[in-house]
**Q** 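One structure is given below, represented as structure tokens, and several questions about it will come after.
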Amino acid sequence: MAKTQYWLIKSEPSVYAYAQLEKDGETEWTGIRNFEARNNLRAMRPGDLCLYYHSNEDKAVVAVAQVLTEAGPDSTAPGEDWASVRVGPVVALSAPVALATVKKTAALKDFPLITRSRLSVTPITAAHFKLILKLGGTALPKASQPG
DNA sequence: GCCAACGTTGGC
DNA sequence: GCCAACGTTGGC
């Protein structure tokens, strides 16, 4: 089994909020129209964990989601060379970690929310992932723990 | 609603 | 292959 990778994925809550993902059980993560983000999608593997960030209205990391499938074609762009994966919910953070908090935290100064603010799918380090969970007062459910 | 950042496109 | 123009994203 490959080592778990960690990602940051962003969505506007008015478009697709984490609560919707919990309701749906899983969703196809579509609409990525940026080459770098697409390549990141294609590097995802089932079991990888994602921090789920709400842009615009919330401006906070609100939850953890999980990659369910390898990247496939984006069904919302038939015939074009884009990618999508299926993702499912893991756990909502008991305390969402606001962008302002991330900015104030020295250990997160290289977090892609700050350094690559406009990229919607970015890899993150295990250390950053764990720190966000800690700041969010949340532990992974046992079934979702890497390893 | 404004504006800065930045990826993409297209003219040369 | 460079670079200006343009469009989009997202914070404020």
Side-chain angles (χ1 to χ4, degrees), chain A residues 2-140 144:
Chain A
K3 200 173 163 208
T4 302
Q5 303 175 99
Y6 299 93
W7 308 92
L8 174 72
I9 60 178
K10 303 200 296 187
S11 179
E12 293 188 37
S14 59
V15 175
Y16 197 88
Y18 181 73
Q20 188 65 42
L21 180 60
E22 280 191 325
K23 206 166 141 192
D24 293 347
E26 66 172 85
T27 194
E28 187 187 353
W29 202 258
T30 57
I32 303 298
R33 297 291 182 272
N34 170 287
F35 295 119
E36 193 176 352
R38 182 198 67 186
N39 293 342
N40 287 334
L41 281 178
R42 288 186 173 155
M44 288 182 172
R45 295 293 174 261
D48 284 358
L49 295 171
C50 307
L51 292 177
Y52 197 112
Y53 177 77
H54 279 175
S55 62
N56 286 336
E57 292 108 280
D58 277 6
K59 281 172 289 183
V61 178
V62 296
V64 179
Q66 186 170 37
V67 177
L68 301 176
T69 62
E70 302 273 339
D74 184 338
S75 65
T76 65
E80 292 179 49
D81 191 23
W82 295 111
S84 73
V85 296
R86 299 195 75 82
V87 298
V90 174
V91 65
L93 300 187
S94 7
V97 179
L99 177 62
T101 306
V102 172
K103 284 186 169 172
K104 277 189 297 189
T105 305
L108 291 171
K109 69 172 168 41
D110 296 326
F111 200 60
L113 269 185
I114 296 169
T115 58
R116 307 298 313 279
S117 63
R118 295 184 56 232
L119 191 58
S120 52
V121 181
T122 57
I124 58 175
T125 65
H128 282 164
F129 180 84
K130 284 173 189 161
L131 180 54
I132 294 285
L133 247 63
K134 191 177 160 194
L135 291 171
T138 303
L140 285 179
S144 304

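Predicted, not measured: the structure shown is a model, and the values here were computed from it. Note on naming: letters A, B, ... go to the chains in the order of the sequence lines (proteins, then strands), and numbering restarts at 1 for each one.
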**Q** Can you identify which nucleotide, out of B:dT8, C:dC12, C:dG7, has its nearest atom closest to the A:Arg118 side chain?
**A**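 Closest nucleotide to the A:Arg118 side chain: C:dG7.
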**Q** Whole Å only: how far is the CD1 atom of A:Ile32 from the C1' atom of B:dG7?
**A**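 About 14 Å, once rounded to whole Å.
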**Q** Is the phosphate of B:dG7, meaning OP1 or OP2, less than 4.0 Å from a side-chain N or O of A:Arg116?
**A**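 Indeed, a polar side-chain atom of A:Arg116 lies that close.
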**Q** In this structure, how many angstroms lie between the P atom of C:dT8 and the CG atom of A:Asn56, rounded?
**A**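 It works out to 15 Å between those atoms.
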**Q** To the nearest angstrom, how far is A:Glu80 atom CD from B:dT8 atom C1'?
**A**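 A:Glu80 atom CD is separated from B:dT8 atom C1' by 14 Å.
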**Q** From CZ of A:Phe35 over to P of B:dC6, roughly how many Å is that when rounded to an integer?
**A**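 Distance check: A:Phe35 CZ to B:dC6 P gives 18 Å.
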**Q** Students often get this wrong, so: under 4.0 angstrom with heavy atoms, is A:Leu99 touching a base, only sugar-phosphate, or nothing?
**A**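 Answer is sugar-phosphate: A:Leu99 comes under 4.0 Å of backbone atoms only.
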**Q** Please report the C-alpha distance between A:Arg33 and A:Asp74 in whole Å, then the side-chain angles of each, then the deciding distance to 0.1 Å, and finally whether the salt bridge (charged side-chain N to carboxylate O under 4.0 Å, His left out) criterion is met.
**A** CA-CA 10 Å; A:Arg33 297 291 182 272; A:Asp74 184 338; 2.8 Å; yes
**Q** Would you indicate what A:Asn34 reaches in the nucleic acid, counting non-hydrogen atoms under 4.0 angstrom: base, sugar-phosphate, or nothing?
**A**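 Since only primed, P, OP1 and OP2 atoms lie under 4.0 Å of A:Asn34, the category is sugar-phosphate.
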**Q** What is the distance, to the nearest angstrom, from the CG atom on A:Leu119 to the C1' atom on B:dT8?
**A**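 Rounded to the whole Å, the gap is 14 Å.
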**Q** Measure from NZ on A:Lys10 to P on B:dG7 and round the result to the nearest Å.
**A**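 One finds 12 Å between P of B:dG7 and NZ of A:Lys10, rounded.
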**Q** Check the distance between C:dG10's P and A:His54's NE2 and give it to me in whole angstrom.
**A**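 Rounded to whole Å, this separation is 13 Å.
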**Q** Do A:Ile132 and A:Thr138 touch side chain to side chain, with heavy atoms closer than 4.5 Å?
**A**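 A:Ile132 vs A:Thr138: side chains apart.
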**Q** Which whole-number value in Å describes the distance from A:Glu57 CD to C:dG11 C1'?
**A**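 For the pair A:Glu57 CD and C:dG11 C1', the rounded distance is 12 Å.
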**Q** For C:dG11 and A:Tyr53 - does any side-chain N or O of the residue sit under 4.0 Å from the phosphate oxygens OP1/OP2?
**A**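 A:Tyr53 to C:dG11 OP1/OP2: side-chain N or O found under 4.0 Å.
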**Q** Going by heavy atoms in the side chains, are A:Thr76 and A:Glu28 under 4.5 Å from each other?
**A**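 They are not in contact (no side-chain heavy atoms under 4.5 Å apart), so the answer is no.
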**Q** Check A:Thr27 against A:Tyr16 and note the closest heavy-atom contact, atom names and distance.
**A**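 Looking at all heavy atoms of both residues, the shortest contact is CB-OH, 3.2 Å.
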**Q** On the nucleotide C:dG10, are OP1 or OP2 found under 4.0 Å from the side-chain N or O atoms that A:Lys59 carries?
**A**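 No, A:Lys59 has no side-chain N/O under 4.0 Å of OP1/OP2 on C:dG10.
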**Q** Would you call A:Arg42 and A:Asp81 a salt bridge, taking side-chain N to carboxylate O under 4.0 Å as the test?
**A**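 Answer for the salt bridge query: yes.
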